[in-house]
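Reviewing the structure listed below.
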Amino acid sequence: MSFLSILTIFVLAVFVGFEVITKVPPILHTPLMSGSNAISGITIIGAIVAASSGAGLLTTVLGSVALVFASINVVGGFLVTHRMLQKFKKGGPR
Amino acid sequence: MSFLSILTIFVLAVFVGFEVITKVPPILHTPLMSGSNAISGITIIGAIVAASSGAGLLTTVLGSVALVFASINVVGGFLVTHRMLQKFKKGGPR
Amino acid sequence: MNPGGYAVTVAGPAGGAAVWVDAAYLLSAVLFIAGLKGLSHPRSAVRGNLLGALGMLLAIVVTLVDQQVMDWIWIVAGVAAGSVVGAVLALTIKMTAMPQLVGLFNGFGGAASILVAGAVLIQIFGVGLGGAETGELQITIATVASGLVGAVTFFGSLIAFGKLQGIVTEKPVRYPGEQIVKILLLAAALFVGVLIVLDPSQVSYYWILVAIASVLGIFLVIPIGGADMPIVIALLNSYSGIAAAATGFVLSNTILVIAGSLVGASGIILTQIMCRAMNRSLANVLFGGVGAVIEDASQGDVYAGKVTSTSAEEVAMILKSAQRVVLVPGYGMAVARAQTAVRQLTEALERDGIEVEFGIHPVAGRMPGHMNVLLAEENISYDKLREMDQINPTFANTDVAIVLGANDVVNPVAREASGSPIAGMPILDVDKARTVVIIKRSLSPGFAGIANPLFAADNTLMFFGDGKVAMDQLVAAYRDA
Amino acid sequence: MNPGGYAVTVAGPAGGAAVWVDAAYLLSAVLFIAGLKGLSHPRSAVRGNLLGALGMLLAIVVTLVDQQVMDWIWIVAGVAAGSVVGAVLALTIKMTAMPQLVGLFNGFGGAASILVAGAVLIQIFGVGLGGAETGELQITIATVASGLVGAVTFFGSLIAFGKLQGIVTEKPVRYPGEQIVKILLLAAALFVGVLIVLDPSQVSYYWILVAIASVLGIFLVIPIGGADMPIVIALLNSYSGIAAAATGFVLSNTILVIAGSLVGASGIILTQIMCRAMNRSLANVLFGGVGAVIEDASQGDVYAGKVTSTSAEEVAMILKSAQRVVLVPGYGMAVARAQTAVRQLTEALERDGIEVEFGIHPVAGRMPGHMNVLLAEENISYDKLREMDQINPTFANTDVAIVLGANDVVNPVAREASGSPIAGMPILDVDKARTVVIIKRSLSPGFAGIANPLFAADNTLMFFGDGKVAMDQLVAAYRDA
Ligand SMILES: NC(=O)c1ccc[n+]([C@@H]2O[C@H](COP(=O)([O-])OP(=O)(O)OC[C@H]3O[C@@H](n4cnc5c(N)ncnc54)[C@H](OP(=O)(O)O)[C@@H]3O)[C@@H](O)[C@H]2O)c1
Ligand SMILES: NC(=O)c1ccc[n+]([C@@H]2O[C@H](COP(=O)([O-])OP(=O)(O)OC[C@H]3O[C@@H](n4cnc5c(N)ncnc54)[C@H](OP(=O)(O)O)[C@@H]3O)[C@@H](O)[C@H]2O)c1
């Protein structure tokens, strides 16, 4: 993929991000922070690519350690966000 | 450019479009319509490419006619939008 | 990432562009987006439109420099001719004719898409130049889409223009088997499209496709009533964006794709907003054929003996003692070109310390935001132009509501969950004002063709006459009173 | 369009991906966007988060299938270990410790970026596999960016975590020449970065870069006070997104670029919102070193003889005769874990027909939206959690405002255009309520370190005590009263 197509995708995604995020109300800012943090764990894709490249033990190890970190970020992030969001309910306390 | 990069760009641009346009207030809907219409005259780029390809008289003529149509759309569209928008003023009539 | 299974690198006209061209295209995409964002407030709207124009200029200049232009004469002649026509149209048109002008421009955009896609097809597959060993599918499918959508846009827009301009009948043209005819035309167009994809060297098929799609465009719009044209134009606006994006896929050109999809999204959203404001589905607008004036038998009963008519002098007297006046303009104000008189009345009232605001219904007039443009032209501050949700709670504290050439958008029948065509459409609650003055020429119904019980309400005074004449009388009477 | 002048088609690890992989990545990008859009309302937020998780799962599965995985054992072990740790952390953490947990997760994302970019560098330039004849510049610059930003994110987040968890001192650690040290570190990192770009085969330079950036990360965060950590975490969250996007440029991988930029935008916006709500610039937060508790000499004068203290019984009596009560929680509620008692009091009041609402300041607590999470955990309807703009006009009709462990966010000094650190910060106007009850342990100041004249106001009663203890007493007293 050419550098400029990827740059174009980057710029458009930043626009989408700004527009979508500014619509999140303050009440949900903590879940937004943890949820978007979970999405940043997308580096897990890169970790898989690195760990499975078969380019030598070093890259496999680096990739695998990255995989551990990224998995913590992804699994922990989505789970804790889910845990928080489930609590947001309408209607009085029972 | 690969089909999928261009498709990705398309999808992201549609998202940007939806988010940005939904923020335009009703008071500006007519200028929005004529202004976005002017932007759709971007086909003028395609017309230039076609008219200047040198692939034969037929394509040159087709491209040039397209150029006329597209120029009307672009120039007329932006101009009429400008004319309308200039009228929108704050403060009482003088 | 280079796709392995399905290589689609596009050769063809745009194959040799340099990185700086793509960078410039990215910049103009950003300018388009920034421009549309500017339209989110009247304050920044002028600059937004200029940013959009700048983006367009940048894209054009870069393309001109990048292309090894053979015959400058063709390019210059084409651009010059188009620019002059566009500028003259834009600068001379009356603001009241704005809807048809946008429709016309829109059609031209569609026409350009047809021709560009056709030229590319000839160039790649017909003449044999350029050669498209790879990516044929993307190019051919996108070409078919450009031609189909472009032709529907072009001819659909021409008909819409004609209806609004009075060249084509405003009435919905309906006939038995109407839907079947449209479906057959679409099927035929798609069939030819498939043939093109299968054998793109048969360039003549492309023109057959365009011909069928043109007929389809005409048949799609002609059965729709004149009052629904704004929706048709917004939808065709969306189509012209889609056609541009499809041309972008043909040329593998990002700026066409981005700009086209922005416009596509814009048109769809405006269409939705209008449909929602009328409480109708898009399918109903396109295929339902509302807009024929249905004769309402019970009309006499509704009004019988209950309508109070009034004069300019009486209205002027009532206004003199008012503290707050709300003006509700509608289609009739545009037809009568009464907006100057409206401004004069506003100024006169405000000179006497009377608060004046405008209640603007989202589908008043012939286009979304149409009333705003007409009133803005008269230098009326956009602060005073209130949306429905803002103005409705204030009618209870309003002394006089003047309804000028509006009908359906103030019809209380819409609030009742009956089977009437406008049931459920949100309306302006003018009937909550102390006195309602309605200026129109007769008791005849509005676009929806139904009687309006508001005309017979106790607090309603009917001021019969042409909008402009009546307003002029009113201004004079108010000054004398 | 194929750039001609500067071909950057990336060979390397991801060179052979098929079209269906890109299609799946596009789908998961759409899922991420849809997920974030879901967060625009509590109603759709749970589903939104699930959509995001689904997008992630899709991207992972597709990548696993696409890669010719050699050693499944490594992959499985890595994912399993990480998932278990992440799940345990997520499920066992107390809600009050949420800020530090997000900080920690964030750091791990940064660490992953460092390692991935390093591995790719080794693979392409060190081992010689893959070969990058073209596009070196994109890859090397992006690798440097990944390593630099990733390392700052990782170590910065660890320090932020430590400060919030009490492992590292909460106090701002300041020293002469502080800014110069940071600038030198950044310059050194950039210098090494340039070396790498010039000669990427020197892989060891990459680790030197990472080492310098790690120290930079520590030095950037350590001088910032504990109360400013939320802003730091939001900013580092943005950085982790940028690092992921940079990794995407390294691998020419769209999903990394898109997801990374979404997160980058999100973090920046949250940072801005917090800074604006505190009326401080980001530069001031990062380099200004506010957050040291300044001893305020005049404190005695402000309060001298004017503070009225109260008891649970007295407050309970006042509440009995109230019609509307507003609770304003702050950092002290989180520290004291008083939210359960808050819920109990709310229930008791509502049983007596008293209207209860919550006024939530945007920077109350330790994180934007922190109070909302704590109260939501207690099943308090999000309808009752009012933002500043909504609740402020209602204080005039409020009988009792209970301020629980909040201080700066209700300090009327902010309204005066003086030179105080919080001047201009928008606050909750609790002083407009008939009676104000303030629950805190002492007269000591809040984070901004300035005295609060509200404590000495005529309509203010101070209820001294730990937040939880005081609220428990109040609930008991109210039940008995
Ligand atoms: N704006 C949009 O985007 C849009 C789009 C699609 C459909 N529509 C439809 O259009 C309608 C718009 O509502 P509306 O209230 O503005 O208009 P309307 O309901 O169509 O009523 C307009 C009224 O203006 C009066 N009128 C016409 N010419 C006049 C003149 N020269 N002087 C004074 N009065 C004149 C007519 O009464 P007389 O004949 O008695 O004078 C008529 O009753 C709605 O039904 C809406 O659904 C609007
Ligand atoms: N939320 C964010 O995102 C964010 C980010 C950056 C900075 N900040 C800053 O943090 C501050 C937040 O304002 P705030 O009003 O929530 O907090 P604050 O102004 O820091 O005041 C908190 C008060 O809680 C009391 N407290 C502490 N522990 C307590 C306990 N166990 N029981 C009862 N009371 C206790 C303290 O008084 P005693 O010691 O007398 O008990 C203190 O005065 C603002 O200055 C804001 O700028 C917030």
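Only heavy atoms go into these numbers, but all of them, side chains included; no hydrogens, no water, no symmetry mates. Keep in mind it's a predicted model, so treat the numbers as computed, not measured.
- Heavy-atom distances place both the backbone and the side chain of B:Leu79 under 4.5 Å from chain C.
- Taking the side chain as every heavy atom from C-beta outward, C:Pro362 and B:Pro26 never approach each other to under 4.5 Å.
- When side chains are defined from C-beta on, B:Leu85 counts as touching C:Leu39, because their heavy atoms get closer than 4.5 Å.
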side-chain contact (heavy atoms from CB on, under 4.5 Å) between C:Trp74 and B:Leu67, intermediate numbers included: CA-CA 9 Å; C:Trp74 285 100; B:Leu67 212 47; over 6 Å; no
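- Pairing each heavy atom of B:Ala66 with each of C:Val116, the nearest pair is CB-CG2, 3.8 Å.
- In this structure, CD1 in B:Ile27 is found 5.0 Å from CG in C:Leu385, a value given to the nearest 0.5 Å.
- Closest approach of C:Leu251 to B:Gly46, counting heavy atoms only: CD1-CA, 3.6 Å.
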B:Met33 and C:Asn106: CA distance, side-chain angles, deciding distance, side-chain contact (heavy atoms from CB on, under 4.5 Å) verdict: CA-CA 10 Å; B:Met33 210 151 151; C:Asn106 203 29; over 6 Å; no
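- Note that OG1 of C:Thr63 and CD1 of B:Ile44 are 9.0 Å apart. Values are rounded to the nearest 0.5 Å.
- When heavy atoms are compared at a cutoff of 4.5 Å, B:Val65 approaches chain C by way of both its backbone and its side chain.
- Taken to the nearest 0.5 Å, the CD1 atom of B:Ile39 stands 6.5 Å off from the CE atom of C:Met56.
- The ring-ring contact (aromatic ring centres under 6.0 Å, His included) contacts involving residues 44-76 of chain B comprise B:Phe69-C:Phe108, B:Phe69-C:Phe154, where partners must be two or more places apart or lie in separate chains.
- Both the backbone and the side chain of C:Ile93 come within contact range of chain B, each with at least one heavy atom under 4.5 Å from a heavy atom of that chain.
- Contact of C:Thr92 with chain B is made through the backbone alone, with heavy-atom distances under 4.5 Å.
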Verdict with supporting geometry, B:Phe88 and C:Val46, side-chain contact (heavy atoms from CB on, under 4.5 Å): CA-CA 9 Å; B:Phe88 282 88; C:Val46 172; over 6 Å; no
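- In this structure, B:Asn37 and C:Val263 have side chains that are not in contact, with every pair of non-hydrogen atoms separated by 4.5 Å or more.
- Between C:Ala112 and B:Thr43 the shortest heavy-atom distance is C-CG2, 3.9 Å.
- Between the side chain of C:Asn49 and the main chain of B:Phe78, a donor-acceptor pair closer than 3.5 Å is present.
- Not a single donor-acceptor pair under 3.5 Å links the side chain of B:Ser36 to the backbone N or O of C:Gly267.
- Side-chain contact check for C:Val373 versus B:Pro31: some heavy-atom pair is nearer than 4.5 Å.
- Here C:Ser44 contributes atom OG and B:Leu28 contributes atom CG; the two are 8.5 Å apart, rounded to the nearest 0.5 Å.
- Annotation: ring-ring contact (aromatic ring centres under 6.0 Å, His included) contacts involving residues 8-43 of chain B, sequence neighbours excluded, comprise B:Phe10-C:Phe249.
- Interface remark: C:Ala245 contributes side-chain atoms only to the contact with chain B (heavy atom separation under 4.5 Å).
- Contacts between B:Ala38 and chain C at a heavy-atom distance below 4.5 Å involve the backbone alone (N, CA, C, O).
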Audit row: C:Gln138, B:Ile6, side-chain contact (heavy atoms from CB on, under 4.5 Å) steps and yes/no: CA-CA 11 Å; C:Gln138 179 188 338; B:Ile6 205 160; 3.9 Å; yes
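- Using a 4.5 Å cut-off between heavy atoms, B:Leu12 does not touch chain C at all.
- Interatomic distance, CD1 of C:Ile60 versus OG of B:Ser71, reported as 7.0 Å (0.5 Å rounding).
- Between C:Leu36 and B:Leu32 the shortest side-chain heavy-atom distance falls below 4.5 Å.
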